[in-house]
Amino acid sequence: MTEERATQMPAPDVLQQKWLPVWEKLAPFRSGDLTDVRPKKYVLDMFPYPSGDLHMGHAEAYALGDVLARYWVQQGFNVLHPIGWDSFGLPAENAAIKRGLNPRSWTYENIELQRTSMQRYACSFDWDRVLITSDPEYYRWNQWLFLKMYEKGLAYRKASNVNWCNSCQTVLANEQVVAGLCERCDSAVSKKKLTQWYLKITDYAERLLNDMQQLEGVWPDKVLTMQRNWIGRSVGAEVKFQIEGIDEPVVVYTTRPDTLFGATFFVIAADSDLAYELAKDSAHFSEFEQYLEQTKKSTEIERLSTDRAKTGLSLNRFAINPVNGERLPIYVSDYVLADYGTGAIMAVPAHDQRDLDFAKEFKLSVIKVVETGEDNPAETFVATSGDGVLINSGMLNGLSKDAAIAKITEFLFEKDLGKAAVNYRLRDWLISRQRYWGTPIPIIHCDSCGEVPVPENQLPVELPDPTGLDLTPKGASPLGAATNWVVTKCPKCSAPAKRDPDTMDTFVDSSWYFLRYLNPKLDSAPFDVKLAAEWMPVGQYVGGVTHAILHLLYARFFTKVLFDLGFVNVTEPFSRLLNQGMVLMDGAAMSKSRGNLVRLSEELDEHGVDAIRMSMVFAGPPEDDIDWADVSPHGSKKFLARAWRFSKDVTSAVGVDAKTGDIELRKTTHKLINEAQQAVETYRFNVAVAKAMELVNAGRKAIDTGAGPADPAVRECAEATAVLVSLFAPYTAEEMWENLGHQPSVARAGWLKVEPELLVAESIVCVLQISGKIKSRIEVPIDITDIELEQLALSDYTMKTALAGVEVKKVIVRAPKLVNVVV
RNA sequence: GCCCUCGUAGCCCAAUGGCAGAGGCAAGCGGCUUAAACCCGCUCCAGUAUGGGUUCGAGUCCCAUCGAGGGCACCA
């Protein structure tokens, strides 16, 4: 009984008590030593929201990030692998309101909880670099960067119809509206005309698009596609239309200038300024106002539903088609968007389904100008959008679509009636929020001076104590009620003035945090420009695909702005991106209400950190979702115990020369380590784990029935295994390393240097085929020539018999692996 | 509706166009044990969703169909 115990791996809680203090003391992942000569590599995990303790999703993400971080350390790199907390934002604030607590204390308690869990989970973070975005030392620099953008005209305020979440009582960025619903609370989003702060991301649309070429192949295609869709570049033309009774022409944007002769009416977005101007003096003004009211009230969901009949209102006014002088009746409608293009369109019902739907509703004429060979849209009410021959189009008749676009664009330009134009779906980024728990916008509103930036030396503008403030969402920022805080002096004229009461979208915080990690305590600048030059770009970013658009687009935008400001010398922040999948249970996302929640802490208590980490990594490719029902932590545990016993059974002394060991085992070890290396570098971590299992199997066999426990090759195999295992199971690996007589930590032991000469076998089994069917196998030297191999193959007994009397058409030889005789 | 990805053993998953199995789970048999669990050893299991095509040779490349997942969808 006691004997058995001695050969058992210690229990998980014993391992924790033993190793956590050792790791804290040795800090194997400290990366800030200026004299460190190792080459640098920046591995970054997306930082968490402190909304409670870590859950299964965190466990997977951090296990995967750790494989990469620990791997590169073993390969001799100085790896920067930091962690922090994205601690501002609505979840924290809502939770705080619900529990009647200060968002601050609630947030920081959760941070401590998560920090402890991460340490227990053996995350290889550099704990010297922790940052917390709700610290004034951090958000001060949000404000500083905001002011830099303000100086450049990249931060500005405008009145516009914005997305409004009635439940969160705040505005939302376009990116936070998903299918017409609020990303956070899933309630319907409506429009509200408000004056808000924006960042001019549209100035960077072209660069955000073009620079994706650098990311091709190193970011998941899926993410690149989503970003391209989001930016939504389109090419077309702007066309000037005169409106009867108005001097200034109205410009419309179209991607189909070739169909200009087919325009039969004209539509203006109901909520645009132009619509108001035109309706103002008309007899239809009250109807217009009614329609406008209705438009604004309708939620995004209703507006987007495609099966809804088109609505609108005739203004009884006319636009003149510049190419043929036709009078086009002007309508207002909500199917035209005020903030895309110019908010007005020429309607070509024959070749645009939306226009056709509207024409059908209002009995407007349909003129076909592109003959595509399909049925007439005027009869079928199915618009044709493909290529064809232009008809009914004057000078364009007979041309193809592309030729017509080129010709008409040139014509319009020459006559000063329009020009080629590019448009983007991307809108400017709305960053002001009417909530407390965020970065105050560093602007002071003065009656005589207007918007005045807070002077740099007065930063940070700290959040006031929330005691006594009503944080419940009311549609206006709670900060507005903090009189002592709001009322201040104008920095310019010293007159009484008011602080801007809004706070910033938390995506501002996460748009540059990767730079702050380089020196999170720096108090003279947001980040150290010199360190940025050394460490950037992030070599490996790991996080969920949920941030495919929002966070990654914003971070790319900020990086380009910082590049333009001369603060960084890279234009893209993240050179490689890995999106991990989700952890599911029985095919569905885990949730308490669904009753399929698996608690991380319970799993860790039951199976230990190592078994859980290994299960996460081994379950499948990292991008795939893991179904916890398919995962066997018990299996992982068994393997780890086996690996541990392997290390325990090695009897040779530390430092024996592996070269004197069993050559076959050495070959196996080097081959497997080489394969594991390839697997890790191509994100096939599950395969790398399988290689570790093979190593243990090989080692076990060598000890029991082969070279024996004292053979130096067995030690080499065990040590290489310990290092490989350290990527997935740090505690077990540390024990193995100790069993093998080494000082901690195995984390810095170093990857086995693969000897190329051990990778090449002297002989190999060659497959002999007849017409693609395997007939025989022969063992041949690795360096056999094609000619030699062919002769050998044809003289093989089985082959000879099989080929007797048949005509050989061709012999394919792929030395040394295969010969195929075609008959 | 449009675009992308993926269908391999009972299950999770491997396989530079060249022997379908690396590894694991589950199952079965044997050993250890008073017994059970643990542990150790061995074994079983698919011709790769379907139908065509390219090739000396296809899980891998191409086309179509079916199925699953994801993205986009009044952006003129």
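Side chains included, hydrogens not; waters and symmetry mates left out as well; all remaining heavy atoms used. Chain letters run A, B, ... following the sequence lines, proteins first, then strands; residues in each count from 1.
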Phosphate oxygens OP1/OP2 of B/C56: is one of them under 4.0 Å from a side-chain N or O of A/Arg814? no
Determine whether the aromatic ring centres of residues A/Phe266 and A/Tyr331 are separated by less than 6.0 angstrom. no
Can you tell me the Watson-Crick or wobble partner of B/A26, both distances under 3.5 angstrom? none
Ionic contact status for A/Arg700 with A/Asp704, cut-off 4.0 Å: yes
Give the rounded distance in Å between these two atoms: CD of A/Glu675 and P of B/A15. 11 Å
Taking the side chain of A/Ile549 as its heavy atoms from C-beta onward, which of B/A76, B/C72, B/A14 lies nearest to it? B/C72
Could you check which nucleotide pairs with B/U33 in any of the strands shown, counting Watson-Crick or G-U wobble with both distances under 3.5 Å? none
With heavy-atom distances below 4.5 Å as the criterion, would you say the side chains of A/Val631 and A/Val583 are in contact? no
If I pick the C1' atom on B/A64 and the same atom on B/G71, what distance separates them, to the nearest angstrom? 24 Å
Using the side-chain heavy atoms of A/Leu337, tell me which of these nucleotides is nearest: B/A76, B/G24, B/A22. B/A76
In whole Å, I'd like the distance from the CZ atom of A/Arg700 to the C1' atom of B/G23. 18 Å
Atom CG of A/Asn686 to atom P of B/G24: distance rounded to whole Å? 14 Å
Would you please confirm or rule out a distance under 4.0 Å between OP1 or OP2 of B/C12 and any side-chain N or O of A/Ser632? no
With heavy atoms under 4.0 Å as the rule, sort A/Gln353 into base, sugar-phosphate or nothing. nothing
Residue A/Val767, side-chain atoms from C-beta onward, closest of B/C40, B/G18, B/C19: B/C19
Take atom P in B/A46 and the same atom in B/G53, then report the distance between them in whole Å. 27 Å
Using the C1' atom on both, measure B/G17 against B/C62 and round to a whole Å. 13 Å
When you measure from the centre of the six-membered ring of A/Phe358, is the NZ or CZ of A/Lys310 closer than 6.0 Å and no more than 45° off the axis? no
Does A/Arg228 put a side-chain nitrogen or oxygen below 4.0 Å from OP1 or OP2 of B/G71? no
Write down the distance separating the P atoms in B/C12 and B/C4, rounded off to the nearest Å. 26 Å
Under 4.0 Å, counting only non-hydrogen atoms across every strand here, what does A/Ser234 touch: a base, just sugar-phosphate, or nothing? sugar-phosphate
Under 4.5 Å between any side-chain heavy atoms of A/Val714 and A/Leu665, yes or no? yes
Using the C1' atom on both, measure B/G41 against B/U54 and round to a whole Å. 47 Å
Is there a donor and acceptor pair closer than 3.5 Å between the side chain of A/Lys310 and the base of B/C74? yes
Is B/A9 paired to anything, Watson-Crick or G-U wobble with both distances less than 3.5 Å, and if yes, which nucleotide? none
Please state how far atom CG in A/Asp355 lies from atom P in B/C74, giving the value in whole angstrom units. 14 Å
Quick one: A/Lys222 NZ to B/C72 P, roughly how many Å, whole number? 10 Å
Base, sugar-phosphate, or nothing: which does A/Lys809 touch, judged by heavy atoms less than 4.0 Å apart? nothing
Quick check: any donor-acceptor pair below 3.5 Å linking the side-chain of A/Asn229 to the base of B/C72? no
If you check every side-chain atom of A/Ile345, which of B/C39, B/A22, B/A76 has the closest atom? B/A76
As its Watson-Crick or G-U partner within any shown strand, both distances under 3.5 Å, B/U55 has none
Across all strands, who's sitting opposite B/U50 as a Watson-Crick or G-U wobble pair, both distances under 3.5 Å? B/A64
The Watson-Crick or G-U wobble partner of B/G17, with both key distances under 3.5 Å, is none
Picking from B/A22, B/G23, B/A76, which would you name as closest to the side chain of A/Val687? B/A22
On RNA chain B, compare the nucleotides closest to A/Thr225 and A/Ala338; which residue's is nearer the 5' end? A/Thr225
When you check the gap from the basic side-chain N to the acidic O, do A/Arg814 and A/Glu790 get nearer than 4.0 Å? no
Given the P atoms of B/U60 and B/G47, what is the spacing between them in whole Å? 16 Å
What pairs meet the side-chain hydrogen bond (donor to acceptor under 3.5 Å, both in side chains) rule with one or both residues in residues 249-258 of chain A, with sequence neighbours excluded? A/Ser234-A/Tyr253, A/Arg256-A/Asp258
Check this one for me: any side-chain N or O of A/Tyr335 less than 4.0 Å away from OP1 or OP2 of B/A76? no
Interatomic distance at C1', B/A15 relative to B/A9, whole Å: 15 Å
Classify A/Phe639 by what it touches in the nucleic acid, base, sugar-phosphate, or nothing, heavy-atom distance under 4.0 Å. nothing
Would you say B/G23 has OP1 or OP2 under 4.0 Å from some side-chain N or O of A/Arg642? no
Look at all strands and tell whether A/Ile774 reaches a base, only sugar-phosphate, or nothing, counting heavy atoms closer than 4.0 Å. sugar-phosphate
Please tabulate, for side-chain N and O atoms in residues 672-681 of chain A, each donor-acceptor pair with protein atoms closer than 3.5 Å (sequence neighbours left out).
{"from": "A/Glu675", "atom 1": "OE1", "to": "A/Lys691", "atom 2": "NZ", "distance (Å)": "3.1"}
{"from": "A/Gln677", "atom 1": "OE1", "to": "A/Trp751", "atom 2": "NE1", "distance (Å)": "3.0"}
{"from": "A/Glu681", "atom 1": "OE2", "to": "A/Tyr71", "atom 2": "OH", "distance (Å)": "2.5"}

Nearest to the side chain of A/Asn820, which nucleotide is it out of B/G57, B/G23, B/C13? B/G57
Expressed as a whole number of angstroms, how long is the span from A/Leu672:CG to B/G21:C1'? 15 Å
Rounded off to whole Å, could you give me the CG-to-P distance for the A/Leu818 and B/C56 pair? 14 Å
Taking the P atom of each, how far is B/A76 from B/A49, in whole Å? 40 Å
First encountered from the 5' end of RNA chain B, between A/Ser771 and A/Thr254: A/Ser771
Taking the side chain as every heavy atom from C-beta outward, state whether A/Lys222 and A/Val545 have any atom pair closer than 4.5 Å. yes
In whole angstrom, what separates A/Asp630's CG from B/C25's P? 14 Å
What's the closest nucleotide to the side chain of A/Arg425 if the choices are B/A73, B/C25, B/C56? B/A73
Looking at B/G69, which nucleotide sits across from it as a Watson-Crick or G-U wobble partner, both distances under 3.5 angstrom, or is there none? B/C4
